[in-house]
Amino acid sequence: MSNTEVVVIGSGIGGLSCAAILARYGINVTVVESHSIAGGAAHSFERNGYQFDSGPSLYSGLSYTPSPNPLRQVLDAIGEKLPCIQYDTWGCYLPEGYFDARVGVDQFCEVLQKLRGDKAVAEWRRLQEIMAPLGKSAIALPPAALRYDLGAVLTVGKFAPSLLQHAANVIKLTGPFSRIIDDVITDSFIRNWLDLLCFLLSGLPANGTIAAEVAFMFADWYRPNVKLDYPIGGSGAIVDALVRGLTKHGGKLVLNAHVEQVLVENNRAVGVKLRNGQEIRANKAVVSNASVWDTLKLIPEGAVPKRYVEQQQAIPECDSFMHLHLGIDAMGLRKDLGIHYIVVNDWDKGITAPQNLVLISIPSVLDPSLAPEGKHVIHVYTPGNEPFSIWQGIDRNIKEYALLKKERAEVMWQALERIIPDIRDRCEVTLVGTPLTHARFLRRHRGSYGPAIVASKGLFPGATTPLSGLLCCGDSTFPGIGLPAVAASGMMVANTIASVRQHLQLLNAIV
């Protein structure tokens with residue numbers, strides 16, 4: 001048996017953010033990770049000299065400070081740098097044809113002018129006008145100031161003048177983004193484009209995505225001279241920075257440590273029991289970075305009210321992923337190869353339809369260190385639109401599984417062939433991941449991307465639970481799905497565990 005003040009279950013970005021901030025506060029914290037690699041859905045892995053990202057590939061707000069990106073705020077708090085390469089363009093293969101999209105104020109209007117004409121440009125300009133003050137409101141209160149107790153009166157109060165200035169817009173930010181665009185946007189292409197952006201942010205179209213999340217994106221992407229960031233070393237570099245911050249401040253990361261159960265005594269979470277029988281006691285709190293459904297599996301029966309269990313189990317889930325990781329020979333490839341491409345096959349099916357949207361990332365275009373000389377590393381995936389039901393119950397060792405993998409991967413190959421026609425002949429490493437891979441390696445309930453909570457019908461659960469001493473962070477909690485959101489969730493839980501005095505000192509140092 002070992003002892004600590006806080007034990008964090010899972011080393012995803014939310015769990016690492018929480019633990020690193022706790023260590024920065026001087027709190028004794030231990031992170032236990034079931035996998036042999038830290039990072040959760042954002043971990044990276046190596047095969048034959050190729051370094052692959054397993055999850056997110058699109059980043060912004062990481063290369064400068066102060067930044068509205070909560071992940072950058074976490075890194076600032078723990079004193080960690082994250083060198084990035086900047087770019088501003090990605091390729092789009094849409095039903096309307098191919099075009100390059102860029103972040104910034106004006107370029108999308110040029111695209112609209114060519115595709116849709118003056119009326120569409122005018123609608124987009126009007127939307128930008130409406131989103132400008134909403135974007136300022138969305139970033140008026142840094143997530144670093146938030147906590148889940150009455151101490152928030154003092155930590156949030158520090159930003160009261162700014163909040164009062166934007167108070168009129170707060171209500172608009174709490175509903176679905178569709179309420180904002182319904183009165184402004186009639187052009188079908190723009191509406192499809194906004195559904196696409198919302199789906200990439202939250203796993204839901206505009207009518208299910210909370211307006212605050214989109215306002216944050218507009219504030220970050222559609223401003224003068226903006227650039228996107230790619231961390232040198234990929235998503236693994238983000239994980240490494242968080243782990244460095246954790247350990248240099250005295251925190252501990254334990255890999256290959258699968259949690260079987262949260263220990264409960266006197267109606268309070270007091271630690272965890274690992275699969276190997278070891279117990280880790282925590283005298284302040286247990287924090288779960290597992291999904292809402294997987295967290296329930298760790299809580300002893302009867303430790304929380306039955307109604308709470310039923311409510312959590314009933315939370316709808318986003319679909320899962322298909323992944324294609326490739327290491328290829330880059331000899332003779334086109335010189336204008338980009339880092340990212342988006343492929344949409346049919347708007348009429350809806351952006352959430354299975355296999356309708358394919359994302360392609362070729363990060364070695366910007367960061368050659370990710371692949372051997374003369375090679376490229378490629379990650380293709382169908383983001384949160386692969387139904388788990390197709391795969392449920394299939395034995396991974398039988399022929400039918402291999403055939404289904406080949407069949408369901410075909411849409412990714414075809415998308416990639418639009419960019420590199422002879423891609424199948426160039427492959428030196430080929431790895432296909434399925435929802436069963438997602439569920440197995442990431443310990444994810446049904447391989448899910450996270451909760452599919454429609455903004456007009458419900459809110460993400462907060463960090464607190466009916467079990468005293470048990471808190472939650474990650475993509476199953478407020479403020480939602482996505483790298484900035486999960487980093488914010490971890491920071492908010494750490495703030496809640498720390499004293500208000502410690503919290504205010506941290507705010508003075510980083511904001």
Side-chain angles (χ1 to χ4, degrees), residues 1-46 51 53-56 70-71 74-82 231 233-263 269 271-291 294-295 298 441-444 470-475 483 486-487 489-491 493-495 497-498:
M1 183 176 70
S2 59
N3 295 296
T4 187
E5 290 183 281
V6 179
V7 61
V8 177
I9 304 169
S11 68
I13 297 299
L16 287 177
S17 295
C18 177
I21 294 290
L22 285 171
R24 166 67 171 75
Y25 280 132
I27 294 172
N28 189 355
V29 57
T30 299
V31 181
V32 286
E33 167 58 50
S34 180
H35 206 329
S36 59
I37 305 172
H43 78 274
S44 64
F45 63 96
E46 187 271 339
Q51 192 73 22
D53 288 341
S54 68
L71 179 55
V74 170
L75 294 171
D76 288 343
I78 61 177
E80 284 297 325
K81 297 184 182 301
L82 184 70
S235 61
I238 298 174
V239 175
D240 290 344
L242 291 171
V243 172
R244 285 196 307 270
L246 166 70
T247 55
K248 80 179 180 184
H249 289 293
K252 184 178 180 182
L253 170 65
V254 184
L255 300 174
N256 298 304
H258 183 75
V259 174
E260 288 281 8
Q261 191 175 67
V262 172
L263 298 174
V272 297
K273 182 179 180 180
L274 304 183
R275 177 176 289 168
N276 63 8
Q278 180 187 356
E279 292 185 358
I280 301 176
R281 295 276 172 159
N283 60 27
K284 281 187 180 291
V286 175
V287 179
S288 176
N289 187 52
S291 77
D294 293 303
T295 298
L298 304 177
F441 284 99
L442 300 181
R443 310 294 186 190
R444 296 286 299 186
L470 177 63
L471 298 167
C472 297
C473 66
D475 62 18
L483 211 60
V486 296
S489 74
M491 183 162 43
V493 169
N495 294 341
I497 295 171

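The side-chain heavy atoms of I9 and N289, taken from C-beta on, include no pair separated by under 4.5 Å. Contact check for I238 versus L75: no side-chain heavy atoms found under the 4.5 Å cut-off. Inter-residue side-chain proximity for E279 and L263 is flagged as met; some heavy-atom pair is nearer than 4.5 Å. Counting heavy atoms from C-beta on, the side chains of V7 and V31 never come closer than 4.5 Å. For the pair T295/C472, a side-chain contact is recorded, criterion being any heavy-atom separation below 4.5 Å from C-beta on.
Every salt bridge (charged side-chain N to carboxylate O under 4.0 Å, His left out) that R444 has, sequence neighbours left out, goes to D475. Every residue meeting the side chain to side chain donor-acceptor pair (under 3.5 Å) condition with S34, not counting sequence neighbours, appears here in chain and number order: H258, R443. Scored by the side chain to side chain donor-acceptor pair (under 3.5 Å) test, S489 finds no partners at all (sequence neighbours excluded). Evaluation of the side chain to side chain contact (heavy atoms under 4.5 Å, CB included) rule for S44 yields Q51, D53, S235 as partners, not counting sequence neighbours. Contacts of K248 classified as salt bridge (charged side-chain N to carboxylate O under 4.0 Å, His left out), with partners at least two apart in sequence or in another chain: E80. Residues satisfying the side chain to side chain donor-acceptor pair (under 3.5 Å) test with N495, not counting sequence neighbours, are Y25, H503. Applying the salt bridge (charged side-chain N to carboxylate O under 4.0 Å, His left out) criterion to D294, with sequence neighbours excluded, gives K297. For I37, the side chain to side chain contact (heavy atoms under 4.5 Å, CB included) partners at least two apart in sequence or on another chain are H35, H43, F45. Judged as a side chain to side chain contact (heavy atoms under 4.5 Å, CB included), and not counting sequence neighbours, the contacts of A38 are S11, V239, V243, L253, L255. For the side chain to side chain contact (heavy atoms under 4.5 Å, CB included) test, residues two or more places apart in sequence or in another chain that qualify with A77 are I21, L506, I510.
The heavy-atom pair separating L71 from S17 by the smallest distance is CD1-OG, 4.4 Å. Minimum interatomic distance between G271 and V286 (heavy atoms only, all atoms of both residues): N-CG2, 3.5 Å. When all heavy atoms of G474 and V486 are compared, the closest pair comes out as C-CG1, 3.7 Å. Across A237 and P231, no two heavy atoms sit closer than the pair CB-CB, 4.4 Å. The heavy-atom pair separating I27 from A498 by the smallest distance is CD1-CA, 4.1 Å.
Applying the salt bridge (charged side-chain N to carboxylate O under 4.0 Å, His left out) test to residues at least two apart or on different chains, none of the pairs has a partner in residues 22-46. Applying the salt bridge (charged side-chain N to carboxylate O under 4.0 Å, His left out) test to residues at least two apart or on different chains, the pairs with a partner in residues 252-261 are E260-R275.
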Candidate pair I280 and V32, rule side-chain contact (heavy atoms from CB on, under 4.5 Å), full reasoning: CA-CA 9 Å; I280 301 176; V32 286; 3.5 Å; yes
Given the rule in the side-chain contact (heavy atoms from CB on, under 4.5 Å) test, do V29 and L246 qualify, once you have shown the distances and angles that lead to the verdict? CA-CA 9 Å; V29 57; L246 166 70; 3.9 Å; yes
Given V287 and I497, is the side-chain contact (heavy atoms from CB on, under 4.5 Å) satisfied, shown in steps? CA-CA 10 Å; V287 179; I497 295 171; 3.9 Å; yes
Intermediate values then yes/no, side-chain contact (heavy atoms from CB on, under 4.5 Å), C18 and M491: CA-CA 5 Å; C18 177; M491 183 162 43; over 6 Å; no
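Judged purely by atom type and a 3.5 angstrom limit, T4 uses its side chain to pair as donor or acceptor with the backbone of N28.
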